[in-house]
Amino acid sequence: MTSERDAVRIRLTGRGGQGIMLAGAILAEAAMRDERYVTETQEYGPEARLGATKADLVVANRPIAFPDVVRPDLLLCLSRPGYLKYGRGVAPGGLMVVDDRIAVEEDTTAEGAAVVRLPLRRTARELGDEIATNIVGLGALAALSDVVSEQALAAAVAARTKPEFADLNARAVAAGLALGREARRGGRSAAAS
Amino acid sequence: MALRLVMGNEAVAQGALAAGCDFFAGYPITPATEILEEMARLLPPRGGVFLQMEDELGAMAAVIGAAWGGARAMTATSGPGFTLMQEHIGYAAITQTPCVVVDAQRSGPSTGQPTLPSQGDVMQARFGTHGDRPALALTASSVRGAYDRTRLAFTLAERHRLPAVLLLDAVVSHMREPVDLPPPPPPARRTFAALPSGAPRFGPRAPFVPFGVGEPTVVTGLAHGPTGATGGGSGAFTADTLRAVGEALAADPDVAAAVEAYRTEDADLLLVAFGITARAAREAVDRLRREGTRAGLLDLGVLWPFPAAAVAQAAERARAVVVAELNLGQLTLAVEAAVAGRAPVYPLLRADGGLLEPEAISRFAQGAATGEARAAKEAMAGA
């Protein structure tokens, strides 16, 4: 059992109420549907709302020993408090996807880590509800990294969210995937500028 | 295989149903609340009973009452609630009441850091109630383990007539992993045979027969004789009963089987851990092996009765033993006693709500293996 060599370590962070816990469960469900090994752990503060929260995932082709993420290869960040508490220390060569309204200090990511700033919250608002920001973010992360397949992500979103939001969430996945694909075509460095 | 993504606390509820649990009483507390929520959702449609009590004292009392009413009963809590339950856990012990208590450990003492993990209830699970009693405390380091150990807790609680404890931690409780769990069996009605008139109700081999079956039974927290009556040598009978139950528990092969050995066959550096810390230690073992150190891990799925034979046997070959735990050295005491000088024991401890990470463990263990106690201490200071 070793998780180190082929594993992808992912961290999702935001503030309480943004659906980071749900996003972690959805991404883990998608990885499982892709027939990969996955662990998902979560951490939140004592605050019921607005405090920084995180979900850590390890996705691998072999059983995973330690589920906590020390240096994420992929980081999705939806809020400034989440960035400040959990958003540092992306691994070298890693990727950080961050909402474009969040200020990110340049010296907080490792050498060679890419920062992709995308209008995640604005896109969700334009779809009808900012509550879907987490789903838009997952779509963008999937398109930029291939950590889960698009089909598995869409199926996981449908399986893990309430039926009354199925239409909004399906559009949010599609919009997030489109954002990610566009950023990928444009090159990460262009998106980071 | 039909894999499902399941949280540790959900697996506890599934394991309880698989064991035939039909009664849950509790009071919500992070990080155990999902167990209560799952039981509230699952039990009533199966004809079971869910009670949210006024506090943890009431919860444990309800569990004992339900057991004497013929139910397979459990509760779930965290450190602060576990403390409040200790009075009644002692009552369950002296009345030989089978029941299950899950403690999802969080950083303490007191309210502490409610959302952060800890392994600080090791000694509370052993000695938290006053007086001497047989203690059973199982642990789990995976979602599948949480399911299996919950089932085992019910099995052992009934076999030995005692309160069984399952110690989880905030990370394992909230961790999701894909698992293939069988669907819960349909609810089954339990039947009990009445005891012959005058047959012992209490004692190491007396079967548990709840109220309403056969002749009335006296149940009391006072020391009592085989019929439940107090006075006349009941102190010696109770002490002998509890000691005999403890000895039978310690000799139970299902208890010993809860210890999971990982790469220990040729290991001369032995790591001992449980729960989330065992997951980190497992990765540390792989790192050490890649660096050429023959490391191995005992993931202790049972803490009490302490699996001293397994630890002593693995320590025979060891140049050093490292105990990693999220407290200030509770399990270390038992490991030192079991190792009994066969090898030096180095504790790697952390109690601030954070985790011991694989790299910190492997670095510390490497120092311990090379006999550089000072280096090991320095590594610990930097962990």
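Letters A, B, ... are given to chains in the order of the sequence lines, protein chains preceding strands, and every chain is numbered from 1.
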Asker: Should we count OH of A/Y86 as having more than 12 external heavy atoms under 6.0 Å?
Answerer: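 Atom OH in A/Y86 is crowded, with more than 12 foreign heavy atoms closer than 6.0 Å.
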Asker: More than 12 heavy atoms of other residues, nucleotides or ligands under 6.0 Å from CD of B/E359: yes or no?
Answerer: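 Counting other residues, nucleotides and ligands, CD of B/E359 stays at 12 neighbours or fewer.
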Asker: Take atom CD in B/E291; do more than 12 heavy atoms of anything else shown fall under 6.0 Å from it?
Answerer: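 Yes, CD of B/E291 has more than 12 neighbouring heavy atoms, counting only those of other groups under 6.0 Å.
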Asker: Once rounded to the nearest 0.5 Å, what's the spacing between atom NE2 of B/H174 and atom CD of B/E10?
Answerer: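 The NE2 atom of B/H174 sits 10.0 Å away from the CD atom of B/E10.
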Asker: Is it the backbone or the side chain of A/E43 that comes under 4.5 Å from a heavy atom of chain B, or both, or neither?
Answerer: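 Interface part for A/E43: side chain.
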Asker: Indicate the ring-plane relationship of B/Y346 and B/F364, choosing parallel, tilted or perpendicular according to the 30° and 60° boundaries.
Answerer: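 Because their plane-to-plane angle is over 60°, the rings of B/Y346 and B/F364 count as perpendicular.
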Asker: Side chain, backbone, both or neither: which part of B/S173 has an atom under 4.5 Å from a heavy atom of chain A?
Answerer: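 Neither the backbone nor the side chain of B/S173 comes within 4.5 Å of chain A.
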Asker: What part of A/R160 gets closer than 4.5 Å to chain B, counting heavy atoms only: side chain, backbone, both or neither?
Answerer: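 It is the side chain, since no backbone atom gets that close.
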Asker: Given a strict heavy-atom distance threshold of 4.5 Å, which part of A/A25 is in contact with chain B: side chain, backbone, both, or neither?
Answerer: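 For A/A25, the contact with chain B is made by backbone and side chain together.
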Asker: With a 4.5 angstrom heavy-atom cut-off, which part of A/V38 approaches chain B: side chain, backbone, both or neither?
Answerer: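 Both parts, backbone and side chain.
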